[in-house]
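This one's a predicted model, so the numbers in the text were calculated from it and none came from an experiment.
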Amino acid sequence: MALYNNNNNNNNNNNNNNNNNNNNNNNNNNNNVASNNNNDNDKLFIIAIGDVHVPHRSYGIPPEFKKLLVPEKIQHILCTGNLVSKEIHDYFKVLTSDVHIVRGDLDENTSYPDTKIVSIGQFKFGLCHGHQIVPWGDRASLAALQRQLDVDVLISGHTHVLEVFESNGKLFVNPGSATGAFSNISNDVIPSFVLMDVQSNNITVYIYKLIDGQVKVEKIDHVKQQ
């Protein structure tokens, strides 16, 4: 993966040779809608991450993940909120200047919007923390929000349970909790985040989980329906 240090031995994916050379530091941020115009042939690396809950429920993002999050390799961060602390916001800004955050139910920063739409390449990404979804994580309710926002990819959180699925040609991503912070649903949460490699009308989704001190990676391919 483009995010890997070459010294990282934790990752079991030799199919992750999605390399490195992205010069697309772009970024126009207009209220709750952002547009990023890039050459469709270029790779665009997007991190979906959230539910960090520092310092109330966790001490910080695990060092095993921080080794993978390399500045200059990431073009965009789409965050589902509940950062709680400004420290995490500042850390994200070190990784890339293009950071989009929606407000979680425990975020004190009132400047974060409830929802946001971000256009990257050929895709429209919708972003929502997820506490507004009733029942939490319900697929039918998520699909209704996706249609309301009219997006190709909906990213949500709040459940702290990583989930990636397709429905009616659309992609739904819940990156879980990057710190493994406990939730109202479970005290046993696996730390996780998601990387999306966007190329033309294709998204390769890499799922990162920290299990027993080892980073495990899974891959899912999604093609935009025309």
Under 3.5 Å, side chain of [X] to main-chain N/O of [Y], donor-acceptor pair present?
| X | Y | result |
| --- | --- | --- |
| T96 | Q75 | yes |
| D51 | N82 | no |
| N109 | S111 | yes |

Is [X] linked to [Y] within one hydrophobic cluster, defined over Ile, Leu, Val, Met, Phe, Trp and Tyr using a side-chain heavy-atom separation of less than 4.5 Å?
| X | Y | value |
| --- | --- | --- |
| I49 | V217 | yes |
| I190 | L162 | no |
| I133 | I117 | yes |
| V151 | F165 | yes |
| V161 | V164 | no |

Any non-hydrogen side-chain atom of V94 less than 4.5 Å from a side-chain atom of D90?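 No. Closest side-chain heavy atoms not under 4.5 Å.
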How close do [X] and [Y] get, counting heavy atoms only, and between which atoms?
| X | Y | value |
| --- | --- | --- |
| T179 | P62 | CA-CD, 4.2 Å |
| P191 | A178 | CB-O, 3.7 Å |
| A181 | H160 | O-ND1, 2.8 Å |
| P175 | S192 | O-OG, 2.7 Å |
| K124 | S119 | CG-OG, 3.7 Å |

Go through it in stages, so that I can follow the logic: the residues are I207 and I220, the test is side-chain contact (heavy atoms from CB on, under 4.5 Å), and I'd like the CA-CA distance, side-chain angles, deciding distance and then a yes or no. CA-CA 8 Å; I207 297 169; I220 297 173; 3.9 Å; yes
So, Y112 versus H89, ring centres under 6.0 angstrom or not?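 Yes, the ring of Y112 comes within the 6.0 Å limit of the ring of H89, centre to centre.
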Compute the centroid of each ring, for Y208 and then for F65, and state whether the two points are separated by less than 6.0 Å.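 Distance test on ring centres: not under 6.0 Å, no.
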Taking atom [atom1] of [X] and atom [atom2] of [Y], what is their separation to the nearest 0.5 Å?
| X | Y | atom1 | atom2 | answer |
| --- | --- | --- | --- | --- |
| L95 | I74 | CG | CD1 | 5.0 Å |
| Q146 | R139 | CD | CZ | 13.5 Å |
| I120 | L78 | CD1 | CG | 5.0 Å |
| M196 | H76 | CE | NE2 | 10.0 Å |
| L195 | I46 | CG | CD1 | 8.5 Å |
| S85 | H53 | OG | NE2 | 11.5 Å |

Does atom [atom1] of [X] have more than 12 heavy-atom neighbours from other groups under 6.0 Å away?
| X | atom1 | answer |
| --- | --- | --- |
| E166 | CD | yes |
| N168 | CG | no |
| K86 | NZ | no |

Inspect the contact between D152 and K170 and indicate whether a charged nitrogen and a carboxylate oxygen are less than 4.0 angstrom apart.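 Judged by the 4.0 Å cut-off on N to carboxylate O distance, K170 and D152 do form a salt bridge.
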Can you confirm whether the side chains of H158 and H129 place a donor and an acceptor under 3.5 Å from each other?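 Judged by distance alone, the side chains do pair up.
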Exercise: do D221 and T204 side chains pair donor with acceptor under 3.5 Å: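 Side-chain D/A pair, D221 to T204: present.
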Run through D197, N201, N202 and flag the one making a side chain to side chain donor-acceptor pair (under 3.5 Å) with Q199.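 Checked D197, N201, N202 against Q199; only one passes side chain to side chain donor-acceptor pair (under 3.5 Å): D197.
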As a test of understanding, state which of L83, V52, L69 forms a side-chain contact (heavy atoms from CB on, under 4.5 Å) with Y91.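 Result: among L83, V52, L69, L69 is the only option passing the side-chain contact (heavy atoms from CB on, under 4.5 Å) with Y91.
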Axial cation check for F45 ring with K73, 6.0 Å and 45° limits: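 Cation-pi check for K73 and F45: fails.
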Quick one: do T80 and I155 satisfy side-chain contact (heavy atoms from CB on, under 4.5 Å)? Show the steps, please. CA-CA 7 Å; T80 59; I155 301 172; 3.7 Å; yes
Might you work through the side-chain contact (heavy atoms from CB on, under 4.5 Å) test for I47 and V194, ending with a clear yes or no? CA-CA 6 Å; I47 294 293; V194 167; over 6 Å; no
Does C79 form a side-chain contact (heavy atoms from CB on, under 4.5 Å) with H100? I'd like the steps, not just the answer. CA-CA 6 Å; C79 178; H100 303 276; over 6 Å; no
